[in-house]
Number of protein chains: 2
Amino acid sequence: MADQGKTVAEARSDFIEKIGVIVQTEGLPRIAGRVLAILLFDGERLSFSQLAELLQVSRGSISSSVRLLETQQMIKRVAKPGDRQDYFQIVENAFPHLIEASVLRARRAAADIEDSLAEIPHSEEGPRRRVAEFAAYYRAMSDGMSEVARLLRDKG
Amino acid sequence: MADQGKTVAEARSDFIEKIGVIVQTEGLPRIAGRVLAILLFDGERLSFSQLAELLQVSRGSISSSVRLLETQQMIKRVAKPGDRQDYFQIVENAFPHLIEASVLRARRAAADIEDSLAEIPHSEEGPRRRVAEFAAYYRAMSDGMSEVARLLRDKG
DNA sequence: TAGTGTGTTCAGTCTTTATTGAACGTCGAT
DNA sequence: ATCGACGTTCAATAAAGACTGAACACACTA
């Protein structure tokens, strides 16, 4: 079997670190990736201090990481009766939300480039055509990713 | 008209700097973005030293930027008869090639996460299901982006 | 009211990455 | 062979960003 010799704790720890690296590759802070990974793996809510403890990082880092993940709607802050601490858990449709964040960035880039296009004199046919292709690339990417998000949402 | 008061030179310069920033946002070196922008805007081949001169950066930076853009198949190195210098120009289907690079990264991430999944004991249904969702996200993204590349290729 | 536990902020430090510029090997011309 | 122009490499520097930890404001408890 594929999981021979691995305990759950080892698999979880490996997963957390692996996602940290992948997320870092995508240009986001590694700690944010690790927070996401642990919340995804465990599924249930974890407290602010649990996150700092489990990941062995400062509270400041947890604060900024959860803020980033909240703004991308990957995790949500929840309350636990009888506990003053903030708890966090992965949201439903986390990945579609992540995609929507990328969609927004691509739309913004497309709009930026379309602004540039508007500033090129109409006599410049070649540059206008090529810059328009660049804008079209971002438009196609945003539309395509939006469709991927929809598919994931419908399936899940 | 939208291009009132802007010369071609101004529009080109603004475009180059804007793409530099956008590309930087995506995690790539700003100079690579500026090289790409100038080759896209002008359309025609530019020499190694022209790039260094026009962008006011060191030859070392041009060397590493063009190498990066070449590996992503965004630009190609071409010869000019009677000139020893390397020349560069934007390739056909540059944007589909750019997308394919992202597709590869996403596929690699999906495979990585599928490896992690294989290490989680089968008794752990919850974690296995959620980690599988993560892998499915990368799979869906790579497939979706691949389709976007195909669409752009067919249209252009 | 003081005291404790909470999350945020921010100045400082550390790490990573981008960029420079000089040294180098190569090629072609003379 | 020497020279000069070329592109690459790499050590050093600069710039950007992540992370820490202490100070802080707030809320709840006693």
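Predicted, not measured: the structure shown is a model, and the values here were computed from it. All chains are named by letter (A, B, ...) in the order of the sequence lines, taking the proteins before the strands, and each is independently numbered beginning at 1.
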>> Could you check whether any side-chain N or O of A:S142 sits under 3.5 Å from a backbone N or O of A:Y138, counting only pairs where one atom can act as donor and the other as acceptor?
In response: yes

>> Nearest heavy atom decides the nucleotide; on that basis, is A:R67 or A:Q85 closer to the 5' end of DNA chain C?
In response: A:Q85

> For the pair made of CG in A:D83 and C1' in C:dT6, what is the distance, rounded to whole Å?
Replying inline: 10 Å

>> So if I define the base as every atom that isn't primed, P, OP1 or OP2, how would nucleotides 11-26 of chain C read as a B/S/- string at a heavy-atom cutoff under 4.0 Å?
In response: -------SSBB-B---

> Salt bridge or not for B:R130 and A:D42, using N-O below 4.0 Å?
Replying inline: no

> Within this structure, what is the OH-to-C1' distance between A:Y87 and C:dG7, rounded to whole angstrom?
Replying inline: 14 Å

>> Could you tell me if B:S64 and B:R67 have a donor-acceptor pair between their side chains, going purely by distance under 3.5 Å?
In response: no

> Do B:R153 and B:E100 meet the salt-bridge criterion of a basic N to acidic O distance under 4.0 Å?
Replying inline: yes

>> Keeping A:R34 on the side-chain end and A:L55 on the backbone end, is there a donor-acceptor pair under 3.5 Å?
In response: yes

>> Under a 4.0 Å threshold between the charged nitrogen and the carboxylate oxygen, would B:E70 count as salt-bridged to B:K76?
In response: no

> Does anyone know the first and last nucleotide of DNA chain D in reach of chain B, 5' to 3', at under 4.0 angstrom to a heavy atom?
Replying inline: D:dG4 to D:dT9

>> I need the minimum non-hydrogen distance between A:M74 and A:A94, along with the two atoms involved.
In response: SD-O, 3.0 Å

> Given B:L51, which of B:I62, B:D86, B:I31 fulfils the side-chain contact (heavy atoms from CB on, under 4.5 Å) condition?
Replying inline: B:I62

